[in-house]
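Heads up, the thing below is written out as structure tokens.
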2 protein chains.
Amino acid sequence: MRLNHTIEKQTKSRIRHVAEEMFATHGIGGVTTRALAEKAGANTAAVNYHFGGKDNLATEVFRDVAHRSTVRRLANLDRIEAEARAKNARPDLRAVIESFVDAYVNEDDPRTGLLLARLVLKHRVEPNEWTRAVVRDELDRVAERYVVALGNAAPQLGPAEVHWRYHFMVGSILMTLSDDGPESRLQRLSGGLCKPADKRVLRSQLVDFLTGAFLIGNQAGPDDDGHPEQAGGSPVDD
Amino acid sequence: MRLNHTIEKQTKSRIRHVAEEMFATHGIGGVTTRALAEKAGANTAAVNYHFGGKDNLATEVFRDVAHRSTVRRLANLDRIEAEARAKNARPDLRAVIESFVDAYVNEDDPRTGLLLARLVLKHRVEPNEWTRAVVRDELDRVAERYVVALGNAAPQLGPAEVHWRYHFMVGSILMTLSDDGPESRLQRLSGGLCKPADKRVLRSQLVDFLTGAFLIGNQAGPDDDGHPEQAGGSPVDD
DNA sequence: ATTTGATTTAAACATGCGTTTGAATCATAC
DNA sequence: GTATGATTCAAACGCATGTTTAAATCAAAT
């Protein structure tokens with residue numbers, strides 16, 4: 001006799017759910033089929049029976065996450081650009097950046113952002129066939145749209161500069177997302193001053209940082225040395 | 001009879017050399033004992049005989065790299081701060097950032113920066129005992145010094161803000177470094193406009209980006225909405 | 001030349017992993 | 001109740017990896 005009849009979901013559904021949770025927490029490589037099955041209350045072979053292997057399960061999970069996030073971000077961009085058109089103005093740089101960050105750092109749904117970060121991080125560190133497929137099919141068009149939007153919002157930047165900075169932006173977000181919890185390097189080095197777990201603060205700090213980073217164009221002088229408008233204050237010690 | 005008598009180095013030295021090279025190229029997890037030994041022209045067991053295991057070898061390599069880089073960066077900071085004191089001015093923000101980036105992106109010695117990035121990236125994605133030890137013993141003091149220096153160079157930022165932004169800065173550098181070569185996402189998405197392999201451009205783009213990111217303080221208004229001084233230009237299409 | 005300790009070598013070992021297998025069990029239709 | 005197909009299960013398989021072993025080889029001292 002089985003106990004999970006009405007209360008518990010079907011095995012396949014449970015595995016998918018647990019997979020999302022564990023992938024977000026421990027990363028893709030940090031989850032073994034056995035641990036996953038155990039947490040889902042299923043047999044090890046169930047993963048292969050229902051999904052045809054760990055990679056297929058991961059593909060399914062991450063394709064879904066990426067797709068949801070993509071739809072949401074494209075809609076946000078549409079809204080921002082529509083508002084700008086209505087005001088006959090450029091899209092607001094801060095709003096564009098905020099909408100991008102929002103996909104990764106969102107108080108309502110922290111898991112999606114974490115999963116998205118895990119996906120892109122894995123694809124960057126050790127890409128393989130299925131990460132390539134998911135990134136190409138789901139994330140590339142978002143990137144292209146954002147590069148265009150950022151270029152419009154920050155017209156002082158050349159096309160190449162926008163690409164560079166978009167890339168830097170993603171990097172800072174990803175690495176921050178992967179440094180969660182009380183063991184985080186940020187929290188330790190700051191002596192508890194910064195808590196990455198506080199998504200609200202994290203979000204606003206990120207947006208501030210990135211907005212500043214996109215506001216100013218190339219400021220390197222023809223010479224190597226370039227200290228622009230530094231007022232001679234007293235040097236602060238240590 | 002052995003051929004490697006005067007020309008080739010000792011086995012231990014060769015293994016260490018090849019390890020540096022392969023760790024930089026393929027990452028730590030991407031190098032197997034067997035591949036390493038083969039490339040070094042040594043037996044698989046030699047790695048354990050001379051270093052006592054793969055982890056010890058990695059520890060030795062990365063501790064050395066981190067140490068070299070740390071010494072160099074601290075010296076650079078000393079110089080920058082001494083110059084500032086001599087002029088009775090604040091340390092130049094751009095110079096501080098440039099010296100930080102220099103440890104990762106340096107045309108003369110690309111390998112050290114890559115290795116450093118691999119180390120920190122591994123420690124972020126899947127920390128373990130030896131990464132913790134190396135990071136704590138070698139990199140923490142650099143981080144603390146740089147946070148102080150950046151705080152002095154960017155006095156409009158509060159202490160917590162400086163920590164946040166230092167963290168973001170490291171993230172953008174790391175992720176960029178790990179996205180090398182012609183298969184890089186940046187190069188693909190930019191249609192070849194940006195080439196991460198060109199360290200000279202990469203470096204200046206990073207420094208521009210980061211200097212801007214540290215120049216401006218918290219610009220969020222009391223309300224959620226904040227579009228500061230946007231002049232109403234014509235909305236650019238697509 | 002012999003001895004001795006360090007080094008090198010091929011082979012095996014141990015482990016963790018994703019996956020497969022074949023029998024057992026369940027749900028459903030007849 | 002029985003047949004049938006889907007599902008679950010314990011067990012084993014295959015493979016890659018880091019490591020160990022014990023014999024073989026080398027280099028230097030005597």
Side-chain angles (χ1 to χ4, degrees), chain A residues 1-20 22-23 25-62 118 122 125-131 133, chain B residues 1-20 22-23 25-62 118 122 125-131 133:
Chain A
M1 177 185 144
R2 305 254 308 290
L3 296 177
N4 46 343
H5 200 66
T6 51
I7 298 178
E8 297 193 27
K9 301 173 186 175
Q10 304 278 7
T11 301
K12 180 171 182 177
S13 170
R14 258 180 301 138
I15 290 176
R16 249 213 72 149
H17 226 80
V18 170
E20 269 203 23
M22 294 187 75
F23 284 154
T25 310
H26 304 102
I28 301 159
V31 178
T32 67
T33 310
R34 285 170 173 81
L36 174 58
E38 188 182 5
K39 189 155 193 173
N43 187 277
T44 314
V47 174
N48 293 282
Y49 176 77
H50 286 289
F51 294 91
K54 186 186 175 186
D55 277 9
N56 284 329
L57 171 58
T59 307
E60 197 165 306
V61 167
F62 284 100
R118 295 282 189 195
K122 168 153 190 71
V125 175
E126 41 184 18
N128 59 34
E129 222 23 79
W130 69 262
T131 63
Chain B
M1 178 187 149
R2 305 251 310 289
L3 296 176
N4 46 342
H5 200 65
T6 50
I7 298 178
E8 296 194 28
K9 301 173 185 174
Q10 305 280 7
T11 301
K12 180 170 182 179
S13 170
R14 258 180 300 139
I15 290 176
R16 250 214 70 150
H17 228 80
V18 171
E20 268 202 25
M22 294 187 76
F23 283 154
T25 310
H26 305 102
I28 300 161
V31 178
T32 67
T33 311
R34 284 169 175 80
L36 174 58
E38 188 182 6
K39 190 155 191 173
N43 187 277
T44 314
V47 174
N48 293 282
Y49 176 76
H50 285 289
F51 294 91
K54 186 186 174 185
D55 277 8
N56 284 328
L57 170 59
T59 307
E60 197 165 307
V61 166
F62 283 100
R118 295 282 190 195
K122 168 156 190 71
V125 174
E126 41 184 19
N128 60 34
E129 223 22 80
W130 69 262
T131 64

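Residue numbers begin at 1 in each chain, while the letters A, B, ... track the order of the sequences.
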Just to confirm, is there a sub-4.0 Å distance from OP1 or OP2 of [N] to any side-chain nitrogen or oxygen of [X]?
X: Thr33(B); N: dG18(D); answer: yes
X: Asn43(B); N: dA10(C); answer: yes
X: His50(B); N: dT8(C); answer: yes

Separation of [N] [atom2] from [X] [atom1] (nearest whole Å):
X: Arg14(B); N: dT8(C); atom1: CZ; atom2: C1'; result: 11 Å
X: Asn48(A); N: dT21(C); atom1: CG; atom2: P; result: 11 Å
X: Met22(A); N: dC17(C); atom1: CE; atom2: P; result: 11 Å
X: Lys54(A); N: dG16(C); atom1: NZ; atom2: P; result: 15 Å
X: Leu57(A); N: dT19(C); atom1: CG; atom2: C1'; result: 14 Å
X: Tyr49(A); N: dC9(D); atom1: OH; atom2: P; result: 13 Å
X: Asn56(B); N: dG18(D); atom1: CG; atom2: P; result: 14 Å
X: Gln10(B); N: dA27(D); atom1: CD; atom2: C1'; result: 11 Å

* With His50(A), the side-chain contact (heavy atoms from CB on, under 4.5 Å) member among Leu57(A), Asn56(A), Thr11(A) ->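 The single option meeting the side-chain contact (heavy atoms from CB on, under 4.5 Å) with His50(A) is Thr11(A).
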* Approximate separation, where rounding is to 0.5 Å, of Leu36(B) CG and Thr33(B) OG1 ->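 Answer for the CG-OG1 pair, Leu36(B) versus Thr33(B), is 7.0 Å.
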* **Approximate separation, where rounding is to 0.5 Å, of His26(A) NE2 and Arg118(A) CZ** =>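 Result: 8.5 Å between the selected atoms.
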* Asked: Between dA6(D), dT19(D), dT7(C), which one does the side chain of Thr44(B) approach most closely?
  ->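 Of the candidates, dT19(D) comes closest.
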* **Nearest to side-chain heavy atoms of Ala45(A), which nucleotide of dG18(D), dT20(C), dT19(C)** =>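 Looking only at side-chain atoms, Ala45(A) lies closest to dT20(C).
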* Would you say the side chain of Lys12(B) lies within less than 4.5 Å of the side chain of Phe51(B), judging by non-hydrogen atoms? ->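 SC-SC contact between Phe51(B) and Lys12(B) confirmed.
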* To do: Please tell me which of Val31(A) and Ala46(B) maps to the more 5' nucleotide of DNA chain C, matching each residue to the nucleotide holding its nearest heavy atom.
  =>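 Mapping each residue to its closest nucleotide by heavy atoms, the 5'-most match is Ala46(B).
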* What about Arg34(B), does its side chain sit under 3.5 Å from the base of dG18(D) through a donor-acceptor pair? ->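 Per atom types, the contact qualifies.
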* Asked: Salt bridge or not for Arg34(A) and Glu38(A), using N-O below 4.0 Å?
  ->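 Salt bridge flag = no for Glu38(A) with Arg34(A).
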